[in-house]
Amino acid sequence: MGIDVADYNNDGLLDLVEVDMFPESNMHNKTMTPAMNYNNQNMRFHLGYMPQYVRNTLQLRDNASNFSEIGRLAGIQKTDWSWAPLFADLDNDGNKDLFISNGYDRDITDLDFLNYAQSTRNPYSTNKVKEKRTLEVLDKLPPIDLPNYFYKNSGNLTFEDVTGKWATGEKSMSNGAVYVDLDLDGDLDIVTNNINQEAFVYKNQSVDKSKTDAHFLRLKLKGPSNNPDGIGASIYLYQGNRTQRSEPNPVRGYLSSVDYVLHFGLGFNDDIHSLKIDWPDGRVQIVKKIKANSLHTMYYTNAKTSKESKDFGNKTLELLR
């Protein structure tokens, strides 16, 4: 379904989340999962195909650019018929949380209902009759309407399911979703597109509830004329012993595009040591003394050239810290 790429554990490396259709309910899992054909499965393995698992995956990257699938360890593997996963710091604590939209208009994977419909089908009917019968069957299929999932980043590679805490838990059939600070109060709101239903607007109240532990920084890039939004740049924010990385890649989740303004949660500490921007062409920009709880615009014209940036060498991080 949908994917998102972000550094969710603040190690400077981009990780990847991908969503599928594994139900949280044991009953729904049993009614949608057909039995495997032993001979067909052995034939697939013989031909070199790998086993397939219907669940969300979270690919954690290491320094050697290897990826480890830790979806079950992280606790985000079961969110039913999912569409848009979005990494975003929703509580401004400095760790990227995870939102997942889900739902579908008809549960076409319900094996009990499909087997029953198949057994009542007349093989001698005309195509027109068969088409009418198929539409009648589809109309009777139940929907998959569930609350959208909210996961709080625990800071130890795992997530806590806070769906009922952070939202009302209203059921929906949501697919496309975006995050954006609609009211410009310093925390990210979420908008979802829903099937046969009005869109949802989740108003984030993190800053409203606490001014002391939900500090933030908003960043807008002004790139060169052929890349005005700085697509492909990497931004590193240094705050004490914490490093956050973000990139202005707006196309995220499922058939959606998020705001171009980058958002960093700062938690209790509003002191920002420095900010480093690696522009796509190799230019480097370093900024210090940045004011928190505000929007800053960073201009490509202020960045150092590729030749000048080499002067930083391997001591860039030491210089920034």
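We use all heavy atoms of the structure for the numbers below, so side chains are in, but hydrogens, waters and symmetry mates are not. Quick caveat, the model's predicted, so the values are computed rather than measured.
A distance-only check finds no donor-acceptor pair linking the side chain of E160 to the backbone of Y151 [under 3.5 Å]. In this structure a side-chain-to-backbone donor-acceptor pair under 3.5 Å is present from N153 to Y8. Judged purely by atom type and a 3.5 angstrom limit, N204 uses its side chain to pair as donor or acceptor with the backbone of L90. Panel note: side chain Q244, backbone Y236; no donor-acceptor pair is recorded below 3.5 Å. In this structure, the side chain of Q205 does not engage the main chain of S210 through any donor-acceptor pair within 3.5 Å. The backbone N or O of G253 sits nowhere less than 3.5 Å from a side-chain atom of D4 that would complete a donor-acceptor pair. The closest donor-acceptor contact from the side chain of R283 to the backbone of A303 lies under 3.5 Å. In terms of modelled atom types and a separation under 3.5 Å, the side chain of N194 and the main chain of Q197 share no donor-acceptor contact. D7 places a side-chain N or O within 3.5 Å of a backbone atom of G12 that can act as its donor or acceptor partner.
Look at K276 and D278 and you find a salt bridge, because one of the NZ, NE, NH1 or NH2 atoms lies within 4.0 Å of a carboxylate O, short of that distance. Ion pairing of E247 with R252 is absent here, as no side-chain N (NZ or NE/NH1/NH2) approaches a carboxylate O to less than 4.0 Å. A salt bridge does not link K152 to D161: none of the charged nitrogens lies less than 4.0 Å from a carboxylate oxygen. A salt bridge links K203 to D208: at least one charged side-chain nitrogen sits closer than 4.0 Å to a carboxylate oxygen.
Side-chain contact check for D281 and Y300: at least one donor-acceptor pair (N or O, by modelled atom type) lies under 3.5 Å. In summary, the side chains of H28 and D107 do present a donor paired with an acceptor at a separation below 3.5 Å, with no hydrogens or angles considered. No side-chain donor from either of S82 and D80 sits under 3.5 Å from a side-chain acceptor of the other. No side-chain donor-acceptor contact under 3.5 Å links S101 and N175.
From S256, atom OG reaches atom CG of L86 across 7.5 Å, with rounding to the nearest 0.5 Å. Atom CG of D259 sits about 6.5 Å away from atom CZ of R218, to the nearest 0.5 Å. Rounding to the nearest 0.5 Å places CG of L14 at 11.5 Å from CG of L60. With rounding to the nearest 0.5 angstrom, the CD1 atom of I272 is 11.5 Å from the CZ atom of R242. Here the CG atom belonging to L146 is positioned 8.5 Å from the OG atom belonging to S172, to the nearest 0.5 angstrom. For the atom pair I231 CD1 and W279 CH2, the distance stands at 10.0 Å (nearest 0.5 Å).
The only option from D187, D181, N92, D89 that meets the side-chain hydrogen bond (donor to acceptor under 3.5 Å, both in side chains) definition with H263 turns out to be N92.
Two rings, from F99 and F87, have their centers 6.0 Å or more apart.
For the pair N56 and T79, the minimum side-chain heavy-atom distance is below 4.5 Å.
A perpendicular orientation is assigned to the rings of Y202 and F200, their planes being inclined by more than 60° (bins at 30° and 60°). Ring geometry, W166 versus F150: the interplanar angle exceeds 60°, so the pair is classed perpendicular (tilted spans 30 to 60°).
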(request) Take L221 and I277 through the test side chain to side chain contact (heavy atoms under 4.5 Å, CB included) and record every step on the way to the result. (result) CA-CA 10 Å; L221 301 186; I277 304 175; 4.0 Å; yes

(message) Run the side-chain hydrogen bond (donor to acceptor under 3.5 Å, both in side chains) test on N148 and S174 for me, step by step, so that the C-alpha distance in whole Å, both residues' side-chain angles and the decisive distance to 0.1 Å come before the verdict.
(response) CA-CA 7 Å; N148 294 317; S174 304; 3.1 Å; yes

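Atom CG of D62 is surrounded by more than 12 heavy atoms from other residues, nucleotides or ligands within 6.0 Å. In this structure, K222 places its NZ atom where only 12 or fewer heavy-atom neighbours from other residues, nucleotides or ligands lie under 6.0 Å away.
Residues satisfying the ring pair (Phe, Tyr, Trp, His ring centres under 6.0 Å) test with F264, not counting sequence neighbours, are none.
Applying the salt bridge (Lys or Arg N to Asp or Glu O under 4.0 Å) definition to pairs two or more places apart or across chains, none involves residues 8-28.
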